[in-house]
Amino acid sequence: MTAVETISEQQCFGGVQGFYSHVSEACGGPMRFAVYLPPKATQGPVPVLWFLAGLTCTAETFTIKAGAQRVAAELGLALVMPDTSPRDTGIEGATGDWEFGEGAGFYLDATEAPWRERFRMYSYVVDELPRIVAGRFPLDMGRQGIFGHSMGGHGALTLALRNPGRYRSLSAFAPIVAPASVPWGEKAFPRYLGEDRKAWARYDATALVADGARFAGTILIDQGEADGFLVNQLQPQRFEAACEDAGQPLELRMRPGYDHSYYFIQTFVEEHLRHHAEILCA
């Protein structure tokens, strides 16, 4: 069993908010993650909801800024918050650019040198970290949901679409729905994955749906209409059109006046948690 170090644990709304670290095989070095256990976890395994954060974020960002623990405690949901990439990789070019490298792992498995040795966030989130948390915490791994923000919304959508049956519920805040067709992805994907756009499509939610991937339920997305990244980077209409053509149920809620910040997430996180709980706790 992988050794997990406890960095800190605090009581929070009757449950426990913890931060932990371990040496990751997938990412070739130390990784940090956060877990919130609701009070109900003292009675037995509880459903688990994964949150994937966005560019520049860490395992602390959603955990500290979103204010999700109060509602998670009420609903009996555990929250798991991975980091967004490996850290202190020593790879030239991995730092100094907030759109690429450390803090910007894009939830993919890199295939190009030098990134392929460390930047394997897809395998980390799908395979390695679930095994670790299942062995350490009272989680019902048969009742998993996933959501995320921006780059993490991209991650949540692609992980759920590529792993049918793994996640029972799925939502996102302002996700990058078509990274292969917008500047963020066009900058990162060639360096991580090479020039073959077929490889990019495996990590593009719009392309996955168009190619036949499906989520067995309704996908919930909230998007702020005042988001400065809406037009150039996010383009939810691309995903909406693909879902409509494919018959994939999608609820896309455009929110007037809201931007890309955690004030937006704070406003609607309770609705997302209740959406997931309605499915996971049924």
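It should be emphasised that the depicted structure is a prediction, and the values quoted were computed from it without experimental measurement.
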(message) Within this structure, what is the CD-CG distance for the pair Gln144 and Asn163, rounded to the nearest 0.5 Å?
(response) 10.0 Å
(message) Does anything in residues 228-250 form a salt bridge (charged side-chain N to carboxylate O under 4.0 Å, His left out)? List the pairs, not counting sequence neighbours.
(response) none
(request) With sequence neighbours excluded, give me every salt bridge (charged side-chain N to carboxylate O under 4.0 Å, His left out) pair touching residues 200-220. (result) none
Got a sec: does the [atom1] of [X] have more than 12 other heavy atoms crowding it under 6.0 Å?
| X | atom1 | value |
| --- | --- | --- |
| Arg32 | CZ | no |
| Glu271 | CD | yes |
| Glu186 | CD | yes |
| Glu92 | CD | no |

Strictly distance-based, threshold 3.5 Å: is any side-chain N or O of [X] a donor or acceptor partner for the main-chain N or O of [Y]?
| X | Y | value |
| --- | --- | --- |
| Glu102 | Thr89 | yes |
| Thr84 | Cys57 | yes |
| Gln233 | Phe229 | no |
| Arg255 | Glu225 | no |
| Trp50 | Pro130 | no |

(request) State yes or no: are the ring centers of Tyr258 and Phe268 separated by less than 6.0 Å? (result) yes
Evaluate the ring planes of [X] and [Y], with Trp represented by its six-membered ring, and classify them as parallel (under 30°), tilted (30 to 60°) or perpendicular (over 60°).
| X | Y | value |
| --- | --- | --- |
| Phe173 | Phe147 | tilted |
| His154 | Tyr107 | tilted |
| His149 | Tyr262 | perpendicular |

(request) Find out whether the Lys NZ or Arg CZ of Arg162 is both under 6.0 angstrom from the six-membered ring centre of Tyr203 and within 45° of the ring's axis. (result) yes
(request) Measure from NZ or CZ of Arg191 to the centre of the six-membered ring of Phe100 and say whether it is under 6.0 Å with the direction within 45° of the ring axis. (result) yes
(request) Start with the C-alpha gap between Leu230 and Met254, add the side-chain angles, then the distance that decides, and say whether side-chain contact (heavy atoms from CB on, under 4.5 Å) holds. (result) CA-CA 11 Å; Leu230 176 59; Met254 301 300 296; 4.3 Å; yes
(message) Show, in sequence, the C-alpha distance, side-chain angles and deciding distance for Phe33 and Val4, and conclude whether the side-chain contact (heavy atoms from CB on, under 4.5 Å) test is met.
(response) CA-CA 10 Å; Phe33 63 95; Val4 176; 4.1 Å; yes
(request) Could you check Ile219 against Phe239 for side-chain contact (heavy atoms from CB on, under 4.5 Å), going step by step and ending with a plain yes or no? (result) CA-CA 11 Å; Ile219 302 170; Phe239 190 62; 3.9 Å; yes
